[in-house]
Amino acid sequence: MLAQRLIQKHNAQYSTYYKTQLYTHTPMALLALKEMGASDKRLESFYQKSAAKLRAKSASSLKIASDNWREHLGNHEYETAYVQFFKTEMQHLGQDKMIAHYFDQLMPGVAAAAFHPLIRLFYAVRFNIKEEIVISLASWATSYLDLGLDSKLTNTVSMLDLLKRFREQDFNQGKKIVAPNIAQRMAIVAHNPMFKDLSAQLFYDDLEASKLESALLWLFSQNNNFTLLHAITSHHAFEALQKFSAKPKIARILMWKALLAAYLSTTGSIEVDFDWQYPDMKFPDWPKLTAKAIQSNEEHVIKLVHILSIKNRKDIDQRLRYGAALKMGLIE
């Protein structure tokens with residue numbers, strides 16, 4: 001498959017990171033394009049344009065092993081060392097056992113690189129690409145983001161009521177979070193005592209897969225918020241991968257709190273119209289929507305439309321197509 005050959009070429013030449021801390025989307029987008037029906041010619045043209053911004057791989061003199069793998073979490077310099085470590089772990093444990101062994105250990109840092117390692121792992125598992133699985137886990141480790149999250153929930157309020165409480169209590173005084181990068185912005189949010197208190201008040205039942213999926217899509221559809229786009233794609237990835245967790249309830253709570261911290265790191269406050277409803281509109285069918293996405297060079301468009309298109313959920317299809325059309329600029 002051409003997509004996989006291009007991914008191998010990408011991984012042989014380029015680092016996961018470029019411009020210091022930005023994360024490559026190329027492997028994920030290639031697989032999404034392929035599944036949406038892109039031609040080989042289109043895959044080649046997308047690869048050439050996407051790879052032009054990447055930087056070459058660099059070697060690492062450090063050796064990562066089972067006795068020190070935690071010591072260097074969050075350090076991009078050791079990407080190649082972590083790749084070798086997880087490659088060796090896969091040889092020892094096998095593919096699924098290795099993912100299961102490290103999934104829960106990495107979940108407290110799930111916000112790593114704006115959730116992209118988790119999303120990349122989803123694609124790697126979906127297409128059963130061993131090298132991509134290794135690199136996904138390695139990049140999760142090298143961009144690991146410890147927000148000090150816990151798994152406590154008091155089961156006090158619903159999702160909407162919780163968001164209202166953030167607004168009513170004027171979380172962060174409505175000011176935009178200011179910091180050099182998303183990791184530091186998320187850390188500011190997550191360590192705020194009000195965030196710790198309010199984020200723990202949610203009913204656990206509202207974190208059920210379809211309920212959280214619908215809530216995230218509803219929030220995104222109101223304002224095309226870039227971080228909520230990542231919330232939709234990373235939540236989908238989490239649901240597909242949580243089978244590897246031995247502590248799925250804890251993993252789900254950590255995912256929720258990380259998603260909320262990410263959203264607040266962008267806006268600094270809850271920007272929600274609690275009366276907003278999906279408009280009664282007609283949208284193109286999925287073949288037309290995916291055909292348009294295939295022609296895009298914007299990786300976030302490609303991944304979002306792909307994720308929404310493979311959900312195949314008849315009960316929310318109109319809302320899925322609304323989200324896809326919104327991201328592609330088909331809705332004013």
Side-chain angles (χ1 to χ4, degrees), residues 1-18 20-32 34 47 50-51 54-146 234 237-238 240-246 251 303:
M1 184 171 80
L2 178 61
Q4 291 197 30
R5 292 199 298 273
L6 291 173
I7 290 170
Q8 289 175 342
K9 181 179 179 181
H10 167 279
N11 293 340
Q13 295 181 2
Y14 301 112
S15 167
T16 295
Y17 307 98
Y18 65 100
T20 308
Q21 294 191 17
L22 295 180
Y23 193 97
T24 179
H25 297 66
T26 306
M28 296 174 277
L30 284 168
L31 294 172
K34 178 62 180 177
Y47 177 80
S50 180
L54 303 178
R55 67 176 176 84
K57 292 174 68 173
S58 58
S60 172
S61 59
L62 181 74
K63 180 176 175 57
I64 299 291
S66 57
D67 61 349
N68 73 341
W69 79 276
R70 290 178 174 277
E71 295 176 17
H72 305 286
L73 291 176
N75 194 326
H76 294 177
E77 292 181 34
Y78 303 132
E79 179 185 6
T80 55
Y82 272 105
V83 168
Q84 186 56 53
F85 169 67
F86 284 110
K87 188 179 296 184
T88 301
E89 289 294 276
M90 180 177 282
Q91 293 170 352
H92 289 164
L93 299 173
Q95 179 174 303
D96 287 0
K97 285 186 178 179
M98 181 194 68
I99 298 172
H101 182 73
Y102 288 100
F103 189 83
D104 286 325
Q105 297 185 76
L106 289 169
M107 268 307 299
V110 69
F115 304 98
H116 285 117
L118 180 74
I119 300 169
R120 189 172 181 178
L121 181 61
F122 156 71
Y123 278 102
V125 171
R126 183 176 181 83
F127 286 85
N128 193 30
I129 306 175
K130 286 182 167 54
E131 180 185 38
E132 275 294 287
I133 290 171
V134 164
I135 295 175
S136 299
L137 290 171
S139 61
W140 192 344
T142 54
S143 51
Y144 184 93
L145 184 56
D146 184 359
S234 62
F238 172 80
L241 296 170
Q242 58 100 24
K243 63 184 179 182
F244 293 108
S245 175
K303 287 190 297 174

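What you are looking at is a predicted structure, and each value in this text was computed from that prediction instead of being measured.
- Ring orientation note: the planes of H72 and Y78 are nearly perpendicular, at an angle over 60° on the 30°/60° scale.
- Judged by distance alone, the side chains of Y17 and T142 do bring a donor and an acceptor atom under 3.5 Å apart.
- When every heavy atom of A124 is checked against every heavy atom of S136, the shortest pair comes out as CB-OG, 4.1 Å.
- With values rounded to the nearest 0.5 angstrom, E132 atom CD is found 8.5 Å from M28 atom CE.
- Looking at residues two or more places apart in sequence or on another chain, you find a salt bridge (charged side-chain N to carboxylate O under 4.0 Å, His left out) between R126 and E35.
- To the nearest 0.5 Å, atom OH of residue Y144 and atom CZ of residue R70 are 7.0 Å apart.
- When every heavy atom of M107 is checked against every heavy atom of A251, the shortest pair comes out as CE-O, 3.3 Å.
- Looking only at side-chain heavy atoms (C-beta outward), T24 and R120 come within less than 4.5 Å of each other.
- Under a 3.5 Å cut-off, the side chain of K57 and the backbone N or O of N11 do form a donor-acceptor pair.
- Taking both residues in full, the closest heavy atoms of V134 and V83 are given as CG1-O, 3.3 Å, listed atom of the first, atom of the second, then distance.
- When side chains are defined from C-beta on, Y47 counts as touching K9, because their heavy atoms get closer than 4.5 Å.
- Listed here is the closest heavy atom pair of S58 and T80: O-CG2, 3.0 Å.
- No option in F115, F122, Y82, F103 other than F103 meets the ring-ring contact (aromatic ring centres under 6.0 Å, His included) test with W140.
- By the 4.5 Å heavy-atom criterion applied to side chains, M90 and L137 are not counted as neighbours.
- Side-chain contact between L31 and K34 is absent, with no heavy-atom pair separated by less than 4.5 Å.
- Once rounded to the nearest 0.5 Å, the distance linking CD of E79 with CD1 of I135 reads 7.5 Å.
- Heavy-atom minimum distance, V125 versus L241: CG2-CD2, 3.9 Å.
- Side-chain atoms of Y23 and S139 form a donor-acceptor pair, as typed in the model, at a separation below 3.5 Å.
- Rounding to the nearest 0.5 Å places OH of Y102 at 15.0 Å from CZ of F244.
- Note: H92 NE2 to K87 NZ = 13.5 Å, rounded to the nearest 0.5 Å.
- Note: R55 CZ to T16 OG1 = 9.0 Å, rounded to the nearest 0.5 Å.
- The heavy-atom pair separating L118 from A237 by the smallest distance is O-CB, 3.8 Å.
- Side-chain atoms of N128 and Q95, non-hydrogen and from C-beta on, do get closer than 4.5 Å to each other.
- Residues H10 and P27 meet the side-chain proximity criterion, which asks for heavy atoms closer than 4.5 Å.
- Using a 4.5 Å cut-off on side-chain heavy atoms (C-beta onward), M98 and K130 make no contact.
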